[in-house]
**Q** 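Structure in structure tokens, see below.
Chain identifiers are assigned alphabetically (A, B, ...) following the order of the sequence lines, protein sequences preceding nucleic acid strands; residue numbering begins at 1 within each chain.
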There are 2 protein chains.
Amino acid sequence: MANKEDMRRQVDSSRFTQQARVLRVLAHQSRLMIVDRLSRGECSVGDLHELVGGDLSTVSKHLALLRAHGVVEDRRERTTVYYRLLTPCVCNLFTCVTQVLKERGR
Amino acid sequence: MANKEDMRRQVDSSRFTQQARVLRVLAHQSRLMIVDRLSRGECSVGDLHELVGGDLSTVSKHLALLRAHGVVEDRRERTTVYYRLLTPCVCNLFTCVTQVLKERGR
DNA sequence: TTCTTTATTGGCCATATTGTCAGATAGCGA
DNA sequence: TCGCTATCTGACAATATGGCCAATAAAGAA
């Protein structure tokens, strides 16, 4: 273990900390768009870039984050990298959030 | 509408932006603890403070954030303020996140 | 009114997150 | 090898978030 920072980040693996980590990774417009799209099938970085816009490197970083947290997986084919969802159940999560939004609306 | 900042924040109300906002509010250890506790019934700020620790003012700010996003509601009785969950369905969300964590584990 | 309890707000600093640009890197074909 | 396409990484600036302390507010009791 390298330093104090790593300690602080890794040691606390309480239920809530873990949940918060996953939620943080998903709590971003672009990443939600990406996950939503991937839930309908594998996509290349280029496709996703076209989907969310902005700089390609930004998209790449969002993907790296999702990958680092085990939400997606990548596969290279020639010069193209394809991403796919590792946790299809995040779709239920979308449903839940939508429910919260509705419930809140009243 | 006051200024450009407000514009930028409010104008974009796409499905994903709204979802991301809700997720961001929940994506914090202390706030998850608070919501979890409130899902089992109304609590005073003091109770919640005892639960999550740290500074009372920090807890109060977490509550203010949850309130601003319509997740909780408060009620004052004498000098004590009680909070309660407005969106019980966030519990399903907990279940979903747990599922993602499990699915990811393999 | 003044004091006490309970909670909120403002100021400030440290850290985290996001986005952009420029420069690597990987794979492959000429 | 060189060049091309597709993607990633590093450095950096801008903004957002989280936490603590001190000051303030709200409600009621003395």
**Q** Taking the nucleotide of DNA chain D with the closest heavy atom to each, which residue, A:V81 or B:E77, is nearer the 5' end?
**A** A:V81
**Q** Between C:dT17 atom P and A:L26 atom CG, what is the distance in whole Å?
**A** 14 Å
**Q** Can you check the B:D74 CG to C:dT6 P distance for me, whole Å?
**A** 17 Å
**Q** Check whether any side-chain N or O of A:R24 sits under 4.0 Å from OP1 or OP2 of C:dA16, and answer yes or no.
**A** no
**Q** Is there a side-chain contact between B:H28 and the phosphate of C:dT17, meaning an N or O under 4.0 Å from OP1 or OP2?
**A** no
**Q** Contact class for A:Y83 (heavy atom, under 4.0 Å): base, sugar-phosphate, or nothing?
**A** sugar-phosphate
**Q** B:L65 has an atom CG; how far is it from atom C1' of D:dA16, in whole Å?
**A** 12 Å
**Q** Give the rounded distance in Å between these two atoms: CZ of A:R75 and P of D:dC8.
**A** 14 Å
**Q** What is the distance from CZ of A:R78 to C1' of C:dT25, rounded to the nearest Å?
**A** 19 Å
**Q** Would you indicate whether B:R78, at its atom CZ, is surrounded by more than 12 heavy atoms from other residues, nucleotides or ligands within a distance under 6.0 Å?
**A** no
**Q** Counting heavy atoms from C-beta on, name the nucleotide in C:dT8, C:dG11, C:dG19 closest to the side chain of B:K61.
**A** C:dG11
**Q** Please name the pair of heavy atoms, one in A:R37 and one in A:C43, separated by the smallest distance, quoted to 0.1 Å.
**A** CG-SG, 3.5 Å
**Q** Can you classify the ring geometry of A:F94 versus B:F16 as parallel (below 30°), tilted (30 to 60°) or perpendicular (above 60°)?
**A** perpendicular
**Q** Hey, is the side chain of A:H62 poking within less than 4.0 Å of OP1 or OP2 on C:dT17, counting only N and O atoms?
**A** no
**Q** Tell me: NE2 of A:H69 to C1' of C:dA16, nearest whole Å?
**A** 12 Å
**Q** Any side-chain N or O of A:S60 less than 4.0 Å from the OP1 or OP2 oxygen of D:dT7?
**A** no
**Q** Is the shortest distance from a Lys or Arg side-chain nitrogen in B:E77 or B:R75 to a carboxylate oxygen in the other one below 4.0 Å?
**A** yes
**Q** Looking at D:dG18, I'd like to know if its phosphate oxygens (OP1 or OP2) sit under 4.0 Å from a side-chain N or O belonging to B:T58.
**A** no
**Q** Send over the distance from B:D47 CG to C:dA7 P, rounded to a whole Å.
**A** 8 Å
**Q** Side chains of B:D47 and B:S44: any donor to acceptor distance under 3.5 Å?
**A** yes
**Q** If you find the nucleotide of DNA chain C closest to A:G54 and the one closest to A:R76, which residue's nucleotide is nearer the 5' end?
**A** A:G54
**Q** Return the value, rounded to whole Å, for the distance between atom NE2 of B:H49 and atom P of D:dC21.
**A** 11 Å
**Q** Checking all strands, does A:T80 fall into the base, sugar-phosphate, or nothing category for heavy-atom contacts under 4.0 angstrom?
**A** sugar-phosphate
**Q** Nearest nucleotide by nearest heavy atom, which residue falls closer to the 5' end of DNA chain C, A:T79 or A:S57?
**A** A:S57
**Q** Which part of the nucleic acid, if any, lies within reach of B:L56 when heavy atoms closer than 4.0 Å are counted: base, sugar-phosphate only, or nothing?
**A** base
